[in-house]
Structure formats: C-alpha cells, structure tokens
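To start, the structure under review is shown below, and the notes come after it.
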There are 2 protein chains.
Amino acid sequence: MATATGKRAYHHGNLPAALVDAALELIGENGVQGFSVAGAARRTGVSISAPYRHFADRDELLAACAVAACEELQRRFAAAVAAAGSPGEQLASGSAAYVRFAAERRSMFEALFGAGLDKAKYPQLQEAVAAVIETVLGPARALAPKGDEEAAAVLLEAMTGLAQGHATLLLDGRYGEDQPGVDLACERVAAATRALVRGRSLLFSPPAAG
Amino acid sequence: MATATGKRAYHHGNLPAALVDAALELIGENGVQGFSVAGAARRTGVSISAPYRHFADRDELLAACAVAACEELQRRFAAAVAAAGSPGEQLASGSAAYVRFAAERRSMFEALFGAGLDKAKYPQLQEAVAAVIETVLGPARALAPKGDEEAAAVLLEAMTGLAQGHATLLLDGRYGEDQPGVDLACERVAAATRALVRGRSLLFSPPAAG
DNA sequence: GTCTATATCCCGATAGAC
DNA sequence: GTCTATCGGGATATAGAC
C-alpha cells in the first residue's frame, strides 16, 4: 500500500507513479490549490523539469491522480457490494464506502472532484470513471423495474448524488474532524440510501410527495 | 442585480463590494484556483494594494464572497419554500433551487465549497451558513416525528447531501453543459427528495432495506 | 531520461507618499 | 483610502548538455 500503483521501483524506474504519489501527498497536505508540478518533483527527488518528460503539463499529472483515485474507489465499491446481501443493502454499503473513501483518501477525492479537470480531455480518465459506475450498476438494476435500464441509471444517480453530497459535507467539517464524525456520516448516508431505495418508485415517475 | 450587494457606488464609495463582485467574476471564469487579489484589484480598476485596506488577506476576500453566496442561496431557498404547498414539496423544491443556484451562480457555489476555507475562522460566514440552514429547517421539522429536533436535522442533512451531490455532479458535467442538463438535474433531485421523504422513517431508526 | 540553467510571468504582502 | 514602488518568493515550461 501507500503507493498509488503498488509497484515499487522509483528513482530511475517508475517516475510517473512516484510523481502521482507525491502529488497526492501534496494535495492531501495543501489541497489541490497548493499542489504544483515543481513541488511533486521536489518531493520525488528529481529535478523540476523531469516530470515534463512524462506529463505534458500540470493538468495531465492531475488527471493521472484522478485515474488512481478511480481505481481505488472501484476497489472499495466492489468490496462493499460483495459484502452486502440484498441489492438495497449493497447500495447502502456502497454509498457508505464512498463516504469513507472520501475521508480516508481525501487527496484522491479532491483530485477527482476538486481539480476542475475537463474530463473530456482525458479519455483514460473517462474510462476509469465509467468502470467505477459499472461496478455499482448491478444492484441498481436489481432494484429498478425489470429491464428498465434508464430507471437503474436514475436510481444510481440519486445514490451517487447522495453519497457525493455527504462526502462533501463531511470534508467541509460538518460532522466534525475526527473519526466519530466519519463513522456517523457513513451511517447517515447508508440510512438515507435505504430511505431512497424504499421510496424509489417516486424516482421512476413524477407525482407528488407527503 | 449583477452585483453581490445591490448597491451601486463603486470607485470611491463601495470598494469592498466591488472587489467581491470582481472576485466572483474571476472565480466564474477561472475557478477558485485562478482567482487572485491582484486580479480582483485590476478588474475593479484600483491598485494592487488597495484591497488590503479592506481585507486582511486573500482568504478574507474569499470569505466575503462566500457570505454573499449564502445570502443569495438563502433568498432562493426562501422563495422555493414559499412557493410550494406541502412540507415534502417544500423540501423537493428547495433541493431543486439549490441545484439551480449552483448552475446559475456557479462562482458563488465554488466560493462556498471549492475554496477550502476554514470556516471556523470567519464568524460572519458561520452565521450566514446557519441562517441558510434555518430557512429550510421548517419543512424538515414538519416531516419529522413531532418535537424530535434531531430527526428533523437528520432529514435536512439527507436532503442537503442529496442536493449538494447533484449540484456537484451537474457542475462536473455529468448532465451535459447546457440548459436542458440543468433542468434535468433539478427534476431528478426533486424526485429523489420525494423518494427520500417517502422512505424517511428509515432515517429515524436503523433497520434493513429491500 | 534526467539534470542544469534560464526565460518569463504572476502573486502576496508591505512601506511610505499623498 | 488610494497610489507607486518594491521585496521576496514560487510557478510553468523550454533549451541544451550528458
């Protein structure tokens, strides 16, 4: 662990991965704003110009960080889905995993959403995002009307939005800064997902509420 | 409109407000990252040092932008709540208003969440945030078990999270970049809020899902 | 593939005049 | 309250040697 790739052959062997790891560390310490190519190079122990052999510019390095984030998130999603029983519980534990990911891998979460990247410019990132979505599409399908692919997408979107929002609020300090806050946020988002699942028929057609 | 304060007496009369407006414009164009005190000064037509008579540093100017954002959001929340009938519809239209706010006042939304401000350091901002929350707490209270203030808070939190998430996904380009995407996101978040409201009993106690 | 050196630019913040 | 001038710092990105 601790590296984004798992490989271990820095300093003349895997500079790109080393730069990604360094960049993520910097983002974790100072936010996306405080990250710079120069800083990542310094931390990796190479010259300021070395990164430009591997990444065209700052944004490309950031995009690589975002891809690493997708891979980690996908891993966590897959584990959460596998551990739960019913489709509803799979979605609930998936949203909790998402919030926990934001808390435990804050730098990755920020690289993914706080960088303001134009994702259309990075096909590899687009693919990685699509792969993440696919991982949690299964339970959503099981909860939607049979064969209604759009309904599944809408449900997943609602669940994603819920998790995204709770993660943002958590990182914004709304649950406090320490571990109990993280656990609380995870419980809350899981409960909210269950509520969403229970009321889901309202997602598939547009009538009124109580 | 167009100004954050409504007042109109810039260039020797209301420089702080002018700087806030300029800062928001810059954030809208280049993101929070691309904003600078120097840039805001330039755009306002004053010297680079003038802002420092009114704001101690960059973050203080950003905090003022965030306060302006809270005021605008509160206005919209109040209108949305007033326009809807049942408490459930009030929450639904409130979350839609939140998403629309993010789309139409993107720079304000970013100032509020993308700036990474330590809000504890800016009491005025804390107050403004609290006032926003109070505006939508009414309908949440009406939907919670009678007198259960915590349940109301939890429901509101879920609704806020949902709206926050949809707003983030919208700004991330997940609904496309144009107006139909905005409308779609608003409809979706309203529908999801209704689903949440319908299933809300699961928010107030922790059993399993379907 | 990496280094040294450099060109170019912008920023935050302060000092002191008016 | 605003301006001019300035210090000190750091960033991106490129050129050319090895």
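Quick note on labels: first sequence line is chain A, next is B, and so on, each numbered from 1.
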Below the 4.0 Å mark, does C:dC11 have OP1 or OP2 next to a side-chain nitrogen or oxygen of B:Arg42?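 B:Arg42 to C:dC11 OP1/OP2: side-chain N or O found under 4.0 Å.
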With a non-hydrogen cut-off below 4.0 angstrom, is B:Ser36 in contact with a base, only sugar-phosphate, or nothing?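 Sugar-phosphate, no base atom in range.
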Classify B:Arg58 by what it touches in the nucleic acid, base, sugar-phosphate, or nothing, heavy-atom distance under 4.0 Å.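 Sugar-phosphate: the residue B:Arg58, judged by heavy atoms under 4.0 Å, touches backbone atoms but no base.
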Chi angles and distances behind the salt bridge (Lys or Arg N to Asp or Glu O under 4.0 Å) call for B:Arg75, B:Glu71: CA-CA 6 Å; B:Arg75 228 176 42 76; B:Glu71 289 163 358; over 6 Å; no
Length of the [atom1]-[atom2] vector between [X] and [N], whole Å:
X       : N      : atom1 : atom2 : result
A:Leu15 : C:dC3  : CG    : C1'   : 13 Å
B:Leu61 : C:dA13 : CG    : P     : 11 Å
A:Gln33 : C:dG12 : CD    : C1'   : 15 Å
A:Tyr52 : C:dA5  : OH    : C1'   : 15 Å
A:Asn30 : D:dG10 : CG    : P     : 13 Å
B:Leu19 : D:dG1  : CG    : P     : 13 Å
A:Ile48 : D:dA11 : CD1   : C1'   : 8 Å
A:Phe55 : D:dT14 : CZ    : C1'   : 19 Å

So, the side chain of A:Arg194 versus the backbone of B:Gly199: is there a donor-acceptor pair under 3.5 Å, distance only?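 Side chain of A:Arg194 to backbone of B:Gly199, a donor-acceptor pair under 3.5 Å: no, none is there.
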Which atom names give the shortest non-hydrogen contact between B:Val81 and B:Thr135, and what distance separates them?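 Scanning both residues completely, I find the closest heavy atoms to be CG2-O, 4.3 Å.
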Please evaluate the base of C:dT2 for a donor-acceptor partner in the side chain of A:Ser49 within a cut-off of under 3.5 Å?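 Side chain to base: no pair present.
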Nearest heavy atom decides the nucleotide; on that basis, is B:Gly39 or A:Arg53 closer to the 5' end of DNA chain C?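 The residue mapped nearer the 5' terminus is A:Arg53.
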Checking salt bridge (Lys or Arg N to Asp or Glu O under 4.0 Å) for the pair B:Glu177/B:Arg106: CA distance, chi angles, key distance, verdict? CA-CA 12 Å; B:Glu177 298 291 347; B:Arg106 179 174 189 140; 5.0 Å; no
Parallel, tilted or perpendicular: ring planes of B:Tyr98 versus B:Phe109, cut at 30 and 60 degrees: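 Correct class here is perpendicular.
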Go nucleotide by nucleotide along DNA chain D from the 5' end; which of B:His54 and A:Asp57 gets its closest nucleotide reached first?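 Comparing both residues, the 5'-ward one is B:His54.
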